[in-house]
Amino acid sequence: MKKLPRSFYLRSTPRVAKDLLGKFLVRHIGRQVLIVRIVETEAYGHNDPASHAFWGLTKRNEVMFSEGGHLYVYFTYGMHYCANVVTGRLGKGEAVLLRAVQPIEGIDLMVRNRRGFMHRRNRKTDFLPDLTNGPAKVCKALKIQRRENGIDLLGNEVYLLNAPKLRPSAIATSTRIGIRVGEKTLWRFFIKGNEWVSR
DNA sequence: CGACCGATTGACT
DNA sequence: GTCAATCGGTCGG
């Protein structure tokens with residue numbers, strides 16, 4: 001599989017959010033490689049009151065205004081990081097939040113990165129409930145924090161690999177989670193029936 | 001400066 | 001179901 005090209009990210013944000021489902025996120029940490037499959041996303045547009053970019057450019061959200069295909073990481077609630085894929089052209093200020101992923105490779109390292117995570121593993125399916133079913137859990141498992149803010153996804157540290165597009169019928173749509181404005185917009189997307197999706 | 005609060009999580013009634 | 005943790009970003013004075 002090849003890296004997603006820049007052009008993938010330079011499209012409408014809800015479109016990118018939907019098309020990111022099923023794609024693989026690769027995270028290199030030194031010699032270690034972690035791979036996950038994206039199963040849940042949320043789009044944040046401009047003119048979107050729920051978006052960090054709604055009130056314009058600030059020091060915190062400046063990466064959101066970079067060219068599509070960069071990683072926007074923000075710190076919240078005094079203890080959590082969340083990761084986004086920047087979309088659109090330079091200055092647009094849009095992004096897709098990675099809400100949940102399915103571990104593919106490096107699961108044991110992800111468990112260690114999650115420190116305090118003690119669920120039992122289902123031996124048949126390898127299913128670890130709650131390991132990566134939330135945006136801050138994803139960052140913890142993949143060791144994505146302030147340092148990773150602004151990384152170019154066409155580089156070699158964090159990047160996305162293409163995968164066959166999912167059937168439209170395999171994708172579900174809903175309102176976004178945890179926001180107090182723009183809560184009626186149907187910009188959350190997830191893979192139907194996937195057990196790694198957040199609750 | 002001081003105050004408010006968040007694209008969350010985990011612990012607990 | 002409820003709620004505290006914990007602190008940087010943002011904004012008002």
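Naming convention: chains lettered A, B, ... in sequence-line order (proteins, then strands); numbering from 1 in each chain.
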Undergrad: Using atom OH of A:Tyr74 as one end and atom C1' of C:dC7 as the other, report the distance to the nearest whole Å.
TA: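 My rounded result for the distance is 15 Å.
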
Undergrad: Between A:Phe8 and A:Arg11, is there a cation-pi geometry (under 6.0 Å to ring centre, at most 45° from the normal)?
TA: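 Relative to the ring axis of A:Phe8, which defines the angle, A:Arg11 lies inside both limits.
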
Undergrad: Apart from A:Leu97 itself, what residues make up its hydrophobic cluster, given side-chain heavy atom links below 4.5 Å?
TA: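 Result for A:Leu97 is A:Tyr44, A:Leu57, A:Val63, A:Met64, A:Phe65, A:Tyr72, A:Tyr74, A:Val86, A:Ile179.
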
Undergrad: Between the protein and nucleotides 11-13 of chain C, list the N/O to N/O atom pairs that are separated by less than 3.5 angstrom.
TA:
none

Undergrad: Just how far, in rounded Å, is C1' of C:dC7 from NZ of A:Lys59?
TA: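 So the NZ-C1' distance, A:Lys59 to C:dC7, works out to 16 Å.
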
Undergrad: OG1 of A:Thr132 to CG of A:Leu142: how many Å apart, nearest 0.5 Å?
TA: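 Output value for this atom pair is 8.0 Å.
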
Undergrad: Less than 3.5 Å apart, any donor N or O on the side chain of A:Lys3 or A:Asn156 sitting next to an acceptor on the other?
TA: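 A:Lys3 vs A:Asn156: donor-acceptor pair found between side chains.
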
Undergrad: Measure from CZ on A:Phe75 to P on B:dT8 and round the result to the nearest Å.
TA: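 The distance from CZ of A:Phe75 to P of B:dT8 comes to 14 Å, rounded to the nearest Å.
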
Undergrad: Listing request: all salt bridge (Lys or Arg N to Asp or Glu O under 4.0 Å) pairs with a residue in residues 20-34 of chain A, at least two apart in sequence or in separate chains.
TA: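 As it turns out, the salt bridge (Lys or Arg N to Asp or Glu O under 4.0 Å) pairs with a partner in residues 20-34 of chain A, which skip direct neighbours, are A:Arg27-A:Glu148.
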
Undergrad: CE of A:Met64 versus P of C:dG9: gap in Å, rounded?
TA: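 After rounding, the reported distance stands at 16 Å.
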
Undergrad: Is the closest side-chain heavy-atom distance between A:Val36 and A:Glu105 below 4.5 Å?
TA: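 When only atoms from C-beta onward are counted, A:Glu105 and A:Val36 do not touch, as no gap falls below 4.5 Å.
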
Undergrad: Is any N or O donor-acceptor pair between the side chain of A:Tyr77 and the base of C:dA5 shorter than 3.5 Å?
TA: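 Between C:dA5 and A:Tyr77, which were checked side chain against base, a qualifying N/O pair under 3.5 Å is absent.
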
Undergrad: Residues in side-chain hydrogen bond (donor to acceptor under 3.5 Å, both in side chains) with A:Thr13, at least two apart?
TA: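 Here the qualifying residues are A:Thr87, A:Glu94.
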
Undergrad: Using 30° and 60° as the class boundaries, would you call the ring planes of A:Trp196 and A:Phe127 parallel, tilted or perpendicular?
TA: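 Rings of A:Trp196 and A:Phe127: perpendicular, as their planes differ by over 60°.
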
Undergrad: Can a salt bridge be assigned to the pair A:Asp108 and A:Arg112 using a cut-off of 4.0 Å between side-chain N and carboxylate O?
TA: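 Judged by the 4.0 Å cut-off on N to carboxylate O distance, A:Asp108 and A:Arg112 do not form a salt bridge.
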
Undergrad: Over how many whole Å does the gap from A:Ile177 atom CD1 to B:dA7 atom P extend?
TA: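 Whole-Å distance recorded here is 13 Å.
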
Undergrad: Going by distance alone, is a donor N or O of one side chain under 3.5 Å from an acceptor N or O of the other, for A:Glu40 and A:Ser198?
TA: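 There is such a pair between these side chains.
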
Undergrad: In whole angstroms, how far is the C1' atom of B:dG10 from the CG atom of A:Leu131?
TA: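 It is 15 Å, rounded to the nearest whole Å.
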
Undergrad: Around A:Arg147, counting heavy atoms of other residues, nucleotides and ligands shown, do more than 12 lie under 6.0 Å from its CZ?
TA: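 Count not over threshold, so no.
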
Undergrad: Given atom NE2 of A:His80 and atom P of B:dT9, what is their separation to the nearest angstrom?
TA: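 Atom-to-atom, A:His80 to B:dT9, this comes out as 6 Å.
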
Undergrad: Who passes side-chain contact (heavy atoms from CB on, under 4.5 Å) against A:Asn47, sequence neighbours left out?
TA: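 Applying side-chain contact (heavy atoms from CB on, under 4.5 Å) to A:Asn47 gives none.
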
Undergrad: Which residues end up grouped with A:Ile104 if you chain together Ile, Leu, Val, Met, Phe, Trp and Tyr wherever their side-chain heavy atoms are less than 4.5 Å apart?
TA: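 Via sub-4.5 Å side-chain contacts, A:Ile104 links to A:Met1, A:Phe24, A:Val26, A:Val33, A:Ile35, A:Tyr159, A:Leu161.
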
Undergrad: Hey, does the side chain of A:His52 come within less than 4.0 Å of B:dA7's phosphate (OP1/OP2), counting only N and O?
TA: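 For A:His52, the contact criterion (side-chain N or O under 4.0 Å from OP1 or OP2 of B:dA7) is met.
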
Undergrad: Are A:Ile191 and A:Arg37 close enough that some pair of their side-chain heavy atoms sits under 4.5 Å apart?
TA: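 Yes, close enough: below the 4.5 Å cut-off.
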
Undergrad: Using the P atom in both, what is the distance from B:dC4 to C:dA4, to the nearest Å?
TA: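 B:dC4 and C:dA4 have their P atoms separated by 16 Å.
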
Undergrad: In residues 135-144 of chain A, which residues come under 4.0 Å of DNA chain B by heavy atom?
TA: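 Correct list: A:Pro135, A:Ala136, A:Lys137.
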
Undergrad: Got a sec? Which of residues 179-199 of chain A come in under 4.0 Å of DNA chain C, heavy atoms?
TA: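 Here the set is empty: none.
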
Undergrad: When you measure from every atom of DNA chain B, which of residues 37-50 of chain A have a heavy atom less than 4.0 Å away?
TA: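 The answer is A:Tyr44, A:Ala50.
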
Undergrad: Partners of A:His46 by ring pair (Phe, Tyr, Trp, His ring centres under 6.0 Å), sequence neighbours excluded?
TA: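 Checked A:His46 against ring pair (Phe, Tyr, Trp, His ring centres under 6.0 Å); zero matches.
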
Undergrad: Which residues pass the side-chain hydrogen bond (donor to acceptor under 3.5 Å, both in side chains) test with A:Thr58, not counting sequence neighbours?
TA: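 Counting only residues at least two positions away or on another chain, A:Thr58 forms a side-chain hydrogen bond (donor to acceptor under 3.5 Å, both in side chains) with A:Asn61.
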
Undergrad: Is the charged tip of A:Arg146 near the ring of A:Phe75: under 6.0 Å from the six-membered ring centre and within 45° of its axis?
TA: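 Judged by the rule, A:Arg146 and A:Phe75 form a cation-pi pair.
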
Undergrad: Tell me what A:Arg176 touches on the nucleic acid: a base, only sugar-phosphate, or nothing, going by heavy atoms under 4.0 Å.
TA: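 Here A:Arg176 touches no strand at all.
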
Undergrad: For A:Asn149 and C:dG9, what is the distance between atoms CG and P respectively, to the nearest whole Å?
TA: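 Going from CG in A:Asn149 over to P in C:dG9 covers 10 Å.
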
Undergrad: For DNA chain B, what are the stems built from at least three Watson-Crick or G-U pairs in a row, each pair having both distances below 3.5 Å?
TA: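 Ordered by first number, the stems with DNA chain B (at least 3 consecutive pairs each) read B:1-6 with C:7-12, B:8-12 with C:1-5.
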
